[in-house]
Protein chains: 2
Amino acid sequence: MKPKLTLKKIAKELEVSISTVSKALRDSPEIGEETREKIKAFAKHYNYKPNNIALSLKNRKTKTIGIIIPEIVHHFFTTVISGVEKVANEMGYNVFVCLSDNSFDKEVLNMEMLANGSTDGFILSLAKETMQKGDYHHLKEAINQGMPLVLFDRVVDDIACDKVIIDDVTGGKKAVQYLIDCGCKNIALISTVDYVSVGKLRTHGYKQALVENNIEINEDLILKIEEMENSEAEIEEFLKNKKVDGVFAVNEHFAISAIKTIQEQGKKVPEDVSVIGFTDGELSKRFIPSLTTVSQHGMKMGEESARLLIEKLERTPSEDDYYKTIIVETELVTRNSTKSKK
Amino acid sequence: MKPKLTLKKIAKELEVSISTVSKALRDSPEIGEETREKIKAFAKHYNYKPNNIALSLKNRKTKTIGIIIPEIVHHFFTTVISGVEKVANEMGYNVFVCLSDNSFDKEVLNMEMLANGSTDGFILSLAKETMQKGDYHHLKEAINQGMPLVLFDRVVDDIACDKVIIDDVTGGKKAVQYLIDCGCKNIALISTVDYVSVGKLRTHGYKQALVENNIEINEDLILKIEEMENSEAEIEEFLKNKKVDGVFAVNEHFAISAIKTIQEQGKKVPEDVSVIGFTDGELSKRFIPSLTTVSQHGMKMGEESARLLIEKLERTPSEDDYYKTIIVETELVTRNSTKSKK
DNA sequence: TACTGCGACGAAAACGTTTTCGTGTTGAAA
DNA sequence: TTTCAACACGAAAACGTTTTCGTCGCAGTA
C-alpha cells in the first residue's frame, strides 16, 4: 500500500518546485517543454490525481450538491435522486444524499452537516414533521449564508428560493375529472392531513373538479390519513357502508388499499368502482388491476432541480437575483383500475 | 447575506490570535477562563461552525463514506442505502451516494471521484457490466492506495476485501425445498445470466434442492434472462406449453410476470402453480396474490456493510489485517402465492 | 560594456483548521 | 534582588492545491 501521490512528492522526486509541477500539469506555457513533458509523464505513470479536498478548500467550492429527502424507500424520491444524479454528473458535480426520515431534528442536523463547507448548495424536500411544526429557521439560515437552496415537491411559501413542484391541484383535478367523465357520481377522496402540502393541494383539485361539474362536496366522502402505519385499517373502516363508485387516492398505497377493501366487499374494480392513484410507481404498473394514476415524473423533477441549483451556483451571485418556480406537468396514465371514458 | 464565520474573523473581531480562538472553542485549559468564555459566547452568538473541508484536509480524513450502487430505482438497494445511512449517521459519518447505472465506465468514474480525497472508504455493489467484463483493476487500485472497500450483494472472489452477502445458495435452496414440500413436482427456474453472481448462486441452490430430493434436473425448465427490458415476453414464451406446478424466480419482477402469464393461461396461483420470488419489496407484499419470497434483509446488509467499513477506518491500519465476509441470513416469507405445506 | 527583455522556474501566500513550540508576564520562592 | 515555574497567549507549520509575483541567467541591443 503506497500512500497517495501529491504535488510535493512529485516535486521532490523530480527535483523541481511544487509550483512547477502544478503548472506543468495544467499545461502552463510558463514551463519549458522538456520539463513539462517529463512531469506529465511521471504523473501519468504513477497515476497522479489531484486531491479534491485541497481543491475544494482553495477554490471555496466543492462541486458537490446535497439532496435531503424524507425517505428513500419510496419510489418517487428514488426517481428524483436518479434525475438529480444524472444532470449533476453531466455537469461535473457529485451528490450527497441525506435522509431526514421525516424528522425535523434529522433534517436540521443534515443541513448543518452539509452546510459547513461540504456542499455548494442543496436540494430538499421537507420532512413531514417540519411542515407540521412550520419551523423553517434552518432553511432561512442556510439561504442567509449564501447557500443556494432548491425546494421540491414538499415546498412551502414562506421560504424565498427556487422551487420545483408539480401542479398538484391540476393533477388532482384531472384525476377527478376523469372519474366524472367515466360516469362516477359518488367520488371519495383518500388524502393525507392538510399540513402536507401535496395532500392539501390535491384535495383542492378534487374539490375544484366537483364544483366545476356541479357536484356537491360531501365531507363524509373525504378521508385524511395521518399515519402510514395503519392506513389500511383506516381505509377499510372509511369505505365500509359507503356507496361510492369512484375513489381518488393521493398515493399508490392508499389506492391499492382501497382496491383491496373494495374487492373484499365483493365489488369489482373497475366495473363497480373506479380508482385513481397518484405517483407512478412499480406498484401501479404491475398491480392487478394495473392502476390508473397521475404520474409525477420524479426523474424530471430531479433533473430540473439540479439544473436550477447548478445554474445558480455557476452564476455570479448578484447577476440576476430572482427565484424561479418550475412546475412539472403531471400526466394521467390510464390503465385498468378505471372504466373507459364514456 | 453574510459570508461564513471563520476562526480568523473571530480572532480579528476579538483581537486575539487564531490559535487562541481555536483552543478556546475546544476547551483547552491553556486559555484563561475569561477569554475562553468571551470567545465561546461570541462563537455561539454568531453561530460559528468549523469548516468541514478544512478539517478534512487537516486530519486527512473526511468522515464520509461513499456507496456506489448499480441502480437506485430498486427497492433492495434502497433499503441497503437506508441501512448504511443509519449506522453511518450514528457514528458521525456522512454518506455519498453514487449510481453506476450498471455501467462499467460510470463505476470507474465514480470511484475515481470518490477516491480523490472525498471519502475515507466505500461500499460497493458491482455493476452488471463490470461483472461481465471481469475487469476489477479499479477496485484493486483503490485498495492498493489504502482505501478500505466493502463489497456487498454482487461481489466477486478475485478481490480481497470485506464483503457482505446473503447466502444465495441456501436462500434458493430453501425456496425450492419449500415448493417441493408443498408437493410441486415440476419446478421451473427463472434466473438471470450466470455472470451476475446472485443469479448463478441461486441457480445453484435450486439445483441442490432438486438433487437432494432425488428430482432430476431438467434444463428445459431453466430460463436465464439477460435483459430486464423484454423479460415479460420471454417469460411468457418460456412458460407456454410447459406443465409446471412450481416456479422459483430470482426476483420479484420475474415472479410477477410468471404469475401473470400463468393466470392468462387460465391456471390459478397457487392452486395450480406455486410461485416464489426473491427480494422482499413493496410489490411482493401488495400484489394479489401476495408473494411468497426469500427476503434479503437489505437494511441489515447496509448496516453490516457500514459497520464493517467504519470499523476498518477507525482502527490503526496494521493492527489486525484480515478480511471478513458477513453472511446475512435470508428468510422465507410465506404468503399467498404458494400452497400451504403438506 | 551596460541595459533590456524574456524564458524558465521558484517562493510565498492563500483557503480554514489544529497543534507544537515558543515567549512574555506574573507571582512566589530563594 | 534574582530566579524560576506557572500561566496565558501568539507564531508558525502543516494538510494539498493554485496563483501571483519575484528572480536568475542569458541573449540581444545600443
Side-chain angles (χ1 to χ4, degrees), chain A residues 2-40 42-43 46-64 112-113 115-120 145-146, chain B residues 2-40 42-43 46-64 112-113 115-120 145-146:
Chain A
K2 45 194 168 192
K4 287 261 174 53
L5 201 53
T6 68
L7 288 186
K8 196 192 285 190
K9 287 177 194 157
I10 300 182
K12 185 187 280 184
E13 202 67 34
L14 263 44
E15 298 183 302
V16 291
S17 79
I18 298 184
S19 12
T20 304
V21 179
S22 174
K23 287 173 194 161
L25 292 178
R26 320 197 101 242
D27 274 326
S28 157
E30 261 186 88
I31 305 301
E33 190 160 353
E34 200 183 344
T35 347
R36 205 193 319 161
E37 287 311 321
K38 186 177 62 176
I39 293 173
K40 291 180 80 169
F42 186 92
Y46 290 103
N47 193 29
Y48 169 77
K49 294 273 163 50
N51 180 310
N52 255 329
I53 297 290
L55 283 178
S56 297
L57 184 58
K58 180 110 240 294
N59 304 329
R60 267 101 135 285
K61 50 176 82 170
T62 59
K63 283 278 187 178
T64 297
E112 283 179 357
M113 281 194 92
N116 295 329
S118 307
T119 54
D120 296 340
Q145 296 201 350
Chain B
K2 46 191 166 191
K4 289 257 174 54
L5 201 53
T6 68
L7 288 186
K8 196 192 283 191
K9 286 178 195 156
I10 300 182
K12 185 187 279 183
E13 202 67 33
L14 262 42
E15 298 183 303
V16 291
S17 79
I18 296 183
S19 14
T20 304
V21 179
S22 174
K23 287 174 196 162
L25 293 178
R26 321 197 100 242
D27 273 328
S28 158
E30 263 186 89
I31 305 300
E33 189 160 355
E34 199 184 344
T35 347
R36 203 190 324 159
E37 288 312 320
K38 186 177 64 178
I39 292 174
K40 291 181 80 168
F42 186 91
Y46 289 104
N47 194 28
Y48 168 78
K49 294 272 162 53
N51 180 311
N52 256 328
I53 297 290
L55 283 180
S56 296
L57 184 58
K58 180 108 241 294
N59 304 328
R60 263 93 89 39
K61 50 176 82 172
T62 60
K63 284 279 187 177
T64 297
E112 283 179 357
M113 282 193 91
N116 296 329
S118 306
T119 54
D120 297 340
Q145 295 200 350

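Residue numbers begin at 1 in each chain, while the letters A, B, ... track the order of the sequences. For clarity, every value in this text was computed on a predicted model and none was experimentally measured.
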Colleague: Do A:Ser17 side-chain and C:dA11 base share a donor-acceptor contact under 3.5 Å?
Modeller: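 Under the 3.5 Å cut-off, the side chain and the base do not form any donor-acceptor pair.
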Colleague: Between A:Ser22 and D:dT18, does any side-chain N or O lie under 4.0 Å from OP1 or OP2?
Modeller: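 Yes.
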Colleague: Grab the CD1-C1' distance between B:Ile31 and D:dC7 for me, whole Å please.
Modeller: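 One finds 10 Å between C1' of D:dC7 and CD1 of B:Ile31, rounded.
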Colleague: Quick check on D:dC9: is either OP1 or OP2 less than 4.0 Å from any side-chain nitrogen or oxygen of B:Thr35?
Modeller: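 So the side-chain polar atoms of B:Thr35 do come within 4.0 Å of the phosphate oxygens OP1 or OP2 of D:dC9, strictly under.
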Colleague: What's the closest nucleotide to the side chain of B:Thr20 if the choices are C:dT18, D:dG10, C:dG10?
Modeller: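 Of the options given, the side chain of B:Thr20 lies nearest D:dG10.
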Colleague: Given that A:Glu30 and A:Lys4 both sit by DNA chain D, which one's nearest nucleotide is further toward the 5' end?
Modeller: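 Result: A:Lys4.
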Colleague: Is any N or O donor-acceptor pair between the side chain of B:Lys23 and the base of C:dT20 shorter than 3.5 Å?
Modeller: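 Such a pair is found, so the answer is yes.
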Colleague: Looking for any heavy atom pair under 4.0 Å, which part of the strands does A:Ser19 touch: base, sugar-phosphate only, or nothing?
Modeller: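 Base contact.
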Colleague: Take a 6.0 Å sphere around NZ of B:Lys49 and say whether it holds more than 12 heavy atoms from other residues, nucleotides or ligands.
Modeller: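 Enclosed.
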Colleague: Measure the OG1-NZ distance between A:Thr35 and A:Lys23 for me, rounded to the nearest 0.5 Å.
Modeller: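 Here the rounded value is 11.5 Å.
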Colleague: For the helix from C:dT1-D:dA30 to C:dA30-D:dT1, figure out the bend between the end axes, five pairs an end, and round to 10 degrees.
Modeller: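 Both end axes considered, the difference amounts to 90°.
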Colleague: To the nearest Å, give me how far apart NZ (B:Lys63) and C1' (C:dT17) are.
Modeller: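 From B:Lys63 NZ to C:dT17 C1': 16 Å.
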Colleague: To the nearest 0.5 Å, what is the distance between CG on B:Leu55 and OG1 on B:Thr62?
Modeller: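 Answer rounded to 0.5 Å: 11.5 Å.
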Colleague: Looking at CG of A:Leu25 and CZ of A:Arg36, how far apart are the two atoms once the value is rounded to the nearest 0.5 Å?
Modeller: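 Interatomic distance, A:Leu25 CG to A:Arg36 CZ, rounded to 0.5 Å: 11.0 Å.
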Colleague: Whole-Å distance between C:dG10 C1' and A:Ile39 CD1?
Modeller: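 Answer to the nearest Å: 12 Å.
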Colleague: Looking at D:dC15, C:dC15, C:dT17, which one has an atom nearest to any side-chain atom of A:Leu57?
Modeller: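 When the side chain of A:Leu57 is considered, C:dC15 is the closest of D:dC15, C:dC15, C:dT17.
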Colleague: Are there over 12 heavy-atom neighbours, none belonging to B:Lys61, within less than 6.0 Å of that residue's NZ?
Modeller: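 No, the 6.0 Å shell around NZ holds no more than 12 heavy atoms from other groups.
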Colleague: When you compare the side chain of B:Thr6 with that of B:Asn51, does any pair of heavy atoms fall below 4.5 Å?
Modeller: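 When only atoms from C-beta onward are counted, B:Thr6 and B:Asn51 do not touch, as no gap falls below 4.5 Å.
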Colleague: Can you measure A:Lys61 atom NZ to C:dG16 atom P for me and round it to whole angstrom units?
Modeller: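 From A:Lys61 NZ to C:dG16 P: 15 Å.
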Colleague: Verify the contact: side-chain N or O of B:Lys58 to OP1 or OP2 of D:dA13, cut-off strictly under 4.0 Å; return yes or no.
Modeller: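 No.
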Colleague: Could you pull out the closest heavy-atom pair between B:Ile39 and B:Ala24, with the gap in Å?
Modeller: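 Shortest heavy-atom contact: CD1-CB, 3.6 Å.
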Colleague: Between A:Arg60 and C:dA14, does any side-chain N or O lie under 4.0 Å from OP1 or OP2?
Modeller: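 No, because none of the side-chain N or O atoms of A:Arg60 sits under 4.0 Å from OP1 or OP2 of C:dA14.
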Colleague: Nearest 0.5 Å, what's the CD-CG distance between A:Glu13 and A:Leu5?
Modeller: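 It is 9.0 Å, given to the nearest 0.5 Å.
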Colleague: Taking NZ from B:Lys49 and C1' from C:dG16, how many angstroms apart are they, rounded to a whole number?
Modeller: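 One finds 16 Å between C1' of C:dG16 and NZ of B:Lys49, rounded.
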Colleague: Once you round it to whole Å, what is the distance between P of C:dA8 and CG of A:Asp27?
Modeller: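 My rounded result for the distance is 15 Å.
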Colleague: Distance check needed: D:dG16 P versus A:Ile10 CD1, whole Å only.
Modeller: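 Going from CD1 in A:Ile10 over to P in D:dG16 covers 12 Å.
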Colleague: Does OP1 or OP2 of C:dT17 have a side-chain N or O of B:Tyr48 closer than 4.0 Å?
Modeller: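 True: B:Tyr48 side-chain N/O within range (under 4.0 Å) of C:dT17 OP1/OP2.
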Colleague: To the nearest Å, give me how far apart CD1 (B:Ile53) and C1' (C:dG16) are.
Modeller: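 Result: 10 Å.
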Colleague: Which nucleotide, C:dT18, D:dA12, D:dT18, lies nearest any side-chain atom of B:Leu55?
Modeller: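 Minimum distance to the B:Leu55 side chain belongs to C:dT18.
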Colleague: Checking contacts here: which listed nucleotide (C:dT18, C:dG10, D:dG10) is nearest the side-chain heavy atoms of B:Ile18?
Modeller: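 So the side chain of B:Ile18 is nearest to C:dT18.
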